[in-house]
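Input: a single structure, listed below in structure tokens.
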Amino acid sequence: MSAEADVLIVGAGPTGLTLACDLLRRGVTCRIIDRSAGPQEGSRGFGVKPRTLAVFDALDIAGTVLDAARADGHLRVYLGTAPIHTGRREPTTPTVDTPYPDSVSLPQWRTEAILRARLAELGEKVRFGASLAGLDQDADGVTATIVADGEERTLRTAYLVGCDGGGSTVRKLLGIGFPGRTEEDTRALLADVEVRGLEPRDAVHLWLGERRMMAVRPWPGAVTSQVVVSIAPGQAVEPSVEELTRLVAEHSGRDDIRLGTPAWLSVWRYNLRLADRYRAGRAFLAGDAAHGHSPFGAYGMNTGVQDAYNLGWKLALAVQGRAAPGLLDTYEAERRPAGKAALDASDRGLSSAVTPPRVLRPVLRLVIGALLSRMRSDGRDDHPTYHDGPLSVQAIRRGRVRAGDPAPDGVLTTPRGDRIHLYDLYRAPGFTALSFEERRVRVETAGGATPDTYDDPDGAARGAFGVRPGTTVLIRPDGYIGLVARTSGPERAAYLNRVLAR
Ligand SMILES: Cc1cc2nc3c(=O)[nH]c(=O)nc-3n(C[C@H](O)[C@H](O)[C@H](O)COP(=O)(O)OP(=O)(O)OC[C@H]3O[C@@H](n4cnc5c(N)ncnc54)[C@H](O)[C@@H]3O)c2cc1C
């Protein structure tokens with residue numbers, strides 16, 4: 001049976017959509033199916049982090065996301081029912097080497113809509129109402145059983161990726177364990193709803209208390225807010241507007257906050273789980289299918305997008321027969337530790353918000369400003385690094401960035417005086433080699449024609465990397481630094497031999 005597409009993606013949330021767009025732009029064919037009848041509703045993953053914006057830049061949608069989103073600069077915090085902090089923080093000014101310095105807020109359904117629009121531009125669409133029911137694999141490919149419109153059919157692909165969320169069918173069919181814990185007593189009622197009577201209207205309102213919390217986050221450009229309110233242990237709660245109204249009054253201690261009719265209501269339970277493996281043969285797990293988080297710290301969607309972008313180029317090389325043996329294994333080697341780190345951080349975030357440390361509570365009013373700014377910078381510094389990963393080789397003393405870090409942006413000048421962004425160079429489907437000289441940079445893209453030499457008149461691009469003249473930096477197709485070595489050394493050829501099929 002010949003393959004009908006190179007890759008089958010199961011699940012069209014942010015992870016599956018990012019992967020589909022990335023594969024298509026790399027010239028790989030894919031199918032993307034989702035068992036729901038249409039797009040998911042609900043604002044859920046609200047925070048879009050800088051590294052995710054860099055991925056969206058590569059997919060050509062960062063501008064659209066930024067135009068639709070809002071920077072969360074205004075925050076009011078309450079301890080119990082009393083306000084203890086109101087602060088407004090100006091957005092960080094983007095610089096040449098850091099074009100996306102801050103996280104922004106955008107309801108997840110909107111982010112997904114932008115990704116689907118990009119998918120359509122790339123010539124694909126989500127097949128909604130199509131559910132994966134079975135899979136078999138052999139040495140050459142995967143045969144998936146898909147149920148759509150009550151009928152069962154098979155689809156043959158070279159690879160399959162389960163981006164099918166926490167209850168992942170793919171994970172279960174592969175028999176991959178998902179150990180961790182579910183806390184039935186740590187629950188929240190979630191709603192997208194108009195909230196009246198809460199000032200300032202454009203602020204995020206956050207109530208902290210003894211084993212309870214509530215957050216109200218206004219959507220950009222709409223009267224709707226996302227409300228997340230914790231439910232007391234053992235309390236029976238139905239997702240209804242009456243219950244939401246009661247909980248909001250209870251947490252805020254106020255009866256003057258008015259709610260509209262929720263556009264979306266759901267009960268969330270705390271799951272903290274990590275898949276034992278991210279790969280079984282030709283099948284992979286990504287996103288919530290591989291890791292379940294607390295919503296604290298905005299790790300879920302962002303980690304899924306990073307999984308997808310880490311996997312995309314590796315799968316593309318494998319499909320094209322250009323991956324060295326073992327390249328696909330580096331997906332789990334790099335992303336499982338990143339998933340574990342995100343899990344731990346979101347767990348810490350949840351416990352300190354739901355139960356602020358007892359010793360801190362009397363002085364919380366005094367330290368809240370510092371605490372929040374620390375949380376903000378931790379949140380901003382979201383990029384997972386692969387310093388100890390199998391694809392990171394730092395052959396010389398490290399500079400400002402090192403192998404395993406995301407490569408910074410920068411601006412070079414063509415001999416004709418045109419400016420060119422490094423991020424635009426990294427968009428090439430292959431590796432990009434930057435060989436730094438005193439005031440010039442030689443740029444080669446794998447498979448590209450002759451190298452181009454650009455001017456780096458004041459040495460700013462070299463400064464962003466913090467390397468000496470005579471250094472070559474090899475950038476992976478996902479924008480991470482793979483190798484830092486002397487330009488004259490043998491390491492570059494050895495590195496590419498290790499990663500690419502000969
Ligand atoms: C209140 C709340 C706030 C959050 N805030 C943030 C935040 O600020 N930032 C952040 O990064 N994350 C946040 N998250 C987490 C985020 O929503 C998830 O991590 C994210 O949706 C995961 O994306 P995904 O694509 O991996 O999976 P999902 O979005 O769960 O998508 C999986 C898809 O797979 C489909 N599917 C399932 N089974 C099958 C099957 N057998 N066949 C075909 N299709 C199937 C489903 O229909 C679904 O559309 C939040 C979550 C909640 C609940």
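Numbering of ligands and ligand atoms starts at 1, following listing order.
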For [atom], grab the closest protein heavy atom and report residue, atom and distance to one decimal in Å.
{"atom": "atom 18 (C) of ligand 1", "value": "Asp288 OD2, 3.4 Å"}
{"atom": "atom 14 (N) of ligand 1", "value": "Gly45 CA, 3.7 Å"}
{"atom": "atom 17 (O) of ligand 1", "value": "Gln108 OE1, 2.7 Å"}
{"atom": "atom 37 (C) of ligand 1", "value": "Asp164 O, 3.3 Å"}

Under a 4.0 Å heavy-atom limit, does [X] contact ligand 1 with its side chain, its backbone, both, or neither?
{"X": "Cys163", "result": "backbone"}
{"X": "Asp34", "result": "both"}
{"X": "Leu190", "result": "side chain"}

message: Using 30° and 60° as the class boundaries, would you call the ring planes of Tyr159 and Phe284 parallel, tilted or perpendicular?
response: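 Rings of Tyr159 and Phe284: tilted, as their planes differ by 30° to 60°.
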query: Do the ring planes of Trp207 and His205 sit parallel (below 30°), tilted (30 to 60°) or perpendicular (above 60°)?
result: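 Plane angle under 30°, so parallel.
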Pair Arg118 + Glu124: basic N to acidic O under 4.0 Å: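 Judged by the 4.0 Å cut-off on N to carboxylate O distance, Arg118 and Glu124 do not form a salt bridge.
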Polar contact flag for [X] and ligand 1 (N/O pairs, less than 3.5 Å):
{"X": "Phe46", "answer": "yes"}
{"X": "Gly16", "answer": "no"}
{"X": "Leu132", "answer": "yes"}
{"X": "Arg44", "answer": "yes"}
{"X": "Met301", "answer": "yes"}

- prompt: Asp22: what forms a salt bridge (charged side-chain N to carboxylate O under 4.0 Å, His left out) with it, not counting sequence neighbours?
  reply: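 Asp22: salt bridge (charged side-chain N to carboxylate O under 4.0 Å, His left out) contacts with Arg25, Arg26.
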message: Just by distance, no angles: are the side chains of Asp192 and Gln226 close enough, under 3.5 Å, to form a donor-acceptor pair?
response: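 No.
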- prompt: Just checking, is any N or O donor in the side chain of Ser43 or Arg217 under 3.5 Å from an acceptor N or O on the other one?
  reply: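 No, no side-chain donor-acceptor contact under 3.5 Å.
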Validation: residues 196-204 side-chain donor-acceptor distances under 3.5 Å, sequence neighbours left out:
unit_1	atom_1	unit_2	atom_2	d
Arg196	NH1	Glu194	OE2	3.3
Asp202	OD1	His74	ND1	2.9
Asp202	OD2	Arg88	NH2	3.4

